[in-house]
Amino acid sequence: MAAYKTESLKLWNKSKELRLKFYENYAKAHENGGLRWAGGAWTLDAVPRGLGDDVWSITSEPYAASIAFNRDFSLRCLEATEKRGYARDLCSYMRNYWGSIILNEYAFPEFSKEWPKPDFIFQDHICCSHAKWYQVVSDLEGGIPMYCVDVGIAPAMRANGEDFNYVEIPPHAVEYVLNQCLDAIEWMAQVTGRTYNDELLRKAIYNHMRATSNWASICELQRTVPAPLDEKSMYSLYVHGTLGKASQWCADFYEELLEEVKDRVARGIAAIPNETVRVMSDTQPPWGFLKVFRYLEEFGCVSIGSLYTFGLIGQWELKADGSWGAKTMPESIDSLPTDREGMLREYVKWEFNKPEWQHFYHPALKSAMMIKIARDWQLNGIMLHYNRGCEGLTVGIAENRLALQEAGFPVMTFEGNMGDEREFDEARTMSRIDSFMETLGIKKQTQRAEH
Ligand code: SF4
């Protein structure tokens with residue numbers, strides 16, 4: 001059995017502090033003279049940054065995941081939402097989020113006991129829940145000004161069986177989103193009474209490019225055997241991109257993290273000491289039960305990430321040698337146009353290349369990307385979460401299972417819900433893991449990683 005050296009991430013505490021600071025900044029924005037806005041993790045968050053450096057956001061999905069992690073609070077939120085008459089089979093992030101508003105409780109009571117109401121909403125819409133999520137938020141709060149960008153434009157990819165390639169997003173589709181962003185800027189300036197600053201927007205777009213490319217570089221390093229990070233840790237790291245991918249702090253942090261992960265690889269530092277088999281997962285995990293990933297370690301099994309952790313924030317491209325790697329960044333901010341329309345055009349072209357947008361268009365695109373990861377990251381199997389809480393990312397997952405199996409990979413499925421613990425059967429999942437590990441030919445070991 002291999003025995004690798006492990007050590008805690010040096011940036012671990014900084015990572016935790018940054019996340020808490022995000023929720024504190026949002027909660028205390030008003031007392032510090034700033035503004036608050038709400039939108040999703042998919043939102044074009046560089047756009048509101050032109051309003052000023054004191055304009056803080058709360059992103060829906062990671063906020064809801066924080067609620068889900070706190071199982072008691074989550075249950076109260078879910079029940080409060082159901083009591084208001086909302087159906088239990090809607091997106092569970094959305095239901096947790098609405099519950100926090102209905103109860104008027106913030107998931108971070110150390111910063112605010114009450115739910116800090118946003119001043120405006122800036123959202124985009126590709127999943128059927130995206131715009132409706134915030135329409136209800138606005139209604140629950142008695143009417144918050146809201147702007148939603150329609151981003152269902154066109155895939156940036158074509159797949160042919162196990163192969164895929166990037167294609168140019170049609171210019172009319174780019175212009176469609178760009179024009180909505182231009183209108184949104186006028187709208188934001190009007191509802192906030194602020195003067196919009198294009199240089200702040202340009203800085204945010206460049207930060208977005210840095211953050212998303214560097215996160216993909218970090219995920220690329222997961223190809224290494226032994227993997228320098230495990231998926232449970234990656235959840236605590238990718239989250240920064242979901243909080244503020246266009247922020248200076250996030251772009252700087254990923255640059256620092258990339259250096260640390262490179263160093264781990266150079267020194268052979270592993271996520272787990274007994275890496276024997278490598279798997280990946282898919283979609284959001286059941287947040288209240290992350291211990292599933294620690295259980296895998298007892299078998300010497302490391303989950304190296306997933307298309308979700310790699311591609312929700314990471315920006316990728318196919319390299320000349322056929323490998324899939326981080327998208328090449330502009331050399332410097334000076335490479336970006338200085339006029340509003342020009343810089344937004346580059347932003348839109350960059351953003352909609354991202355893997356997670358693609359599989360909204362067809363499951364074949366997701367299958368091709370997953371097979372690529374399974375082969376190039378040297379995986380022994382795949383664990384698919386049939387996630388009832390997220391129709392957006394789970395639709396087509398059964399087709400993905402078949403495609404992965406046809407490509408020769410053992411696949412385990414487990415049913416659950418990222419944000420509703422009532423739909424996760426822990427004992428059954430553990431027993432399915434036991435059977436899957438047996439299929440992969442490994443038995444329980446005793447060594448545990450240093451975390
Ligand atoms: S269903 Fe999934 S993709 Fe859609 S809003 Fe909810 S979490 Fe996001």
Side-chain angles (χ1 to χ4, degrees), residues 38-45 57-69 74 77-78 81-82 86-101 107 118 121-140 146 148-153 155 235 238-239 241-243 245 281-290 306-314 351-352 354-363 365-366 369-370 384-398 400 415-424:
W42 304 69
T43 302
L44 297 155
D45 74 318
S57 70
I58 185 163
T59 39
S60 7
E61 298 88 346
Y63 178 68
S66 300
I67 296 175
F69 185 72
S74 174
C77 287
L78 294 168
T81 301
E82 281 155 29
Y86 296 106
R88 198 172 147 168
D89 59 357
L90 295 172
C91 166
S92 60
Y93 276 171
M94 188 165 76
R95 289 183 288 125
N96 275 300
Y97 191 103
W98 290 348
S100 168
I101 297 174
I121 294 168
F122 180 60
Q123 170 69 318
D124 56 17
H125 185 90
I126 192 163
C127 167
C128 53
S129 297
H130 281 155
K132 289 290 163 188
W133 180 326
Y134 280 101
Q135 185 181 355
V136 171
V137 170
S138 178
D139 287 350
L140 287 173
M146 167 170 167
C148 190
V149 179
D150 175 17
V151 292
I153 44 171
Y235 288 136
Y238 95 117
V239 73
T242 70
L243 298 178
K245 52 199 177 300
S281 72
D282 183 45
T283 87
Q284 308 91 323
W287 291 109
F289 297 90
L290 289 181
S306 64
L307 178 63
Y308 169 73
T309 44
F310 289 8
L312 179 63
I313 297 305
E351 170 61 12
F352 290 95
K354 217 182 274 173
E356 285 295 272
W357 295 108
Q358 313 311 318
H359 56 78
F360 272 95
Y361 298 102
H362 203 289
L365 297 169
K366 183 173 172 187
M369 290 186 279
M370 290 180 87
L384 294 180
H385 180 197
Y386 280 17
N387 180 2
R388 296 184 194 174
C390 173
E391 73 273 18
L393 301 189
T394 311
V395 69
I397 201 167
N400 303 137
E415 284 188 40
N417 191 312
M418 66 201 177
D420 190 340
E421 63 156 322
R422 297 167 300 180
E423 295 197 339
F424 183 71

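Numbering of ligands and ligand atoms starts at 1, following listing order.
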Working note: H359 + V395, criterion side chain to side chain contact (heavy atoms under 4.5 Å, CB included); need CA distance, chi angles, decisive distance, verdict. CA-CA 9 Å; H359 56 78; V395 69; over 6 Å; no

Closer than 4.0 Å to some heavy atom of H130 - which atoms of ligand 1 meet that?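 Every atom of ligand 1 under 4.0 Å from some heavy atom of H130: 5 (S), 8 (Fe).
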
Run the numbers on S100 and I67 for side chain to side chain contact (heavy atoms under 4.5 Å, CB included), then give the verdict. CA-CA 8 Å; S100 168; I67 296 175; 3.8 Å; yes

Could you tell me whether M418 approaches ligand 1 through its side chain, its backbone, both or neither, with non-hydrogen atoms closer than 4.0 Å?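 Side chain only.
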
How many protein N, O or S atoms are found at a distance of less than 2.8 Å from atom 2 (Fe) of ligand 1?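 There are 1 of them.
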
Only counting residues at least two apart or in another chain, list the ones meeting side chain to side chain donor-acceptor pair (under 3.5 Å) with T242.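 Applying side chain to side chain donor-acceptor pair (under 3.5 Å) to T242 gives none.
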
Of all residues at least two apart in sequence or in a different chain, which pass the side-chain contact (heavy atoms from CB on, under 4.5 Å) check with T394?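 For T394 the side-chain contact (heavy atoms from CB on, under 4.5 Å) partners, ignoring immediate neighbours, are T283, N387, C390, I397.
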
Tell me which donor-acceptor pairs under 3.5 Å the side chains of residues 86-93 have, and how far apart each pair is, sequence neighbours excluded?
{"residue": "S92", "atom": "OG", "partner": "N417", "partner atom": "OD1", "Å": "2.7"}
{"residue": "S92", "atom": "OG", "partner": "G419", "partner atom": "N", "Å": "3.2"}
{"residue": "Y93", "atom": "OH", "partner": "W287", "partner atom": "NE1", "Å": "2.6"}

Is the Y97 ring parallel, tilted or perpendicular to the Y63 ring (thresholds 30°, 60°)?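 Rings of Y97 and Y63: perpendicular, as their planes differ by over 60°.
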
Can you tell me if F69 has over 12 outside heavy atoms packed within less than 6.0 Å of its CZ?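 It does not: F69 CZ has 12 such atoms or fewer within range.
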
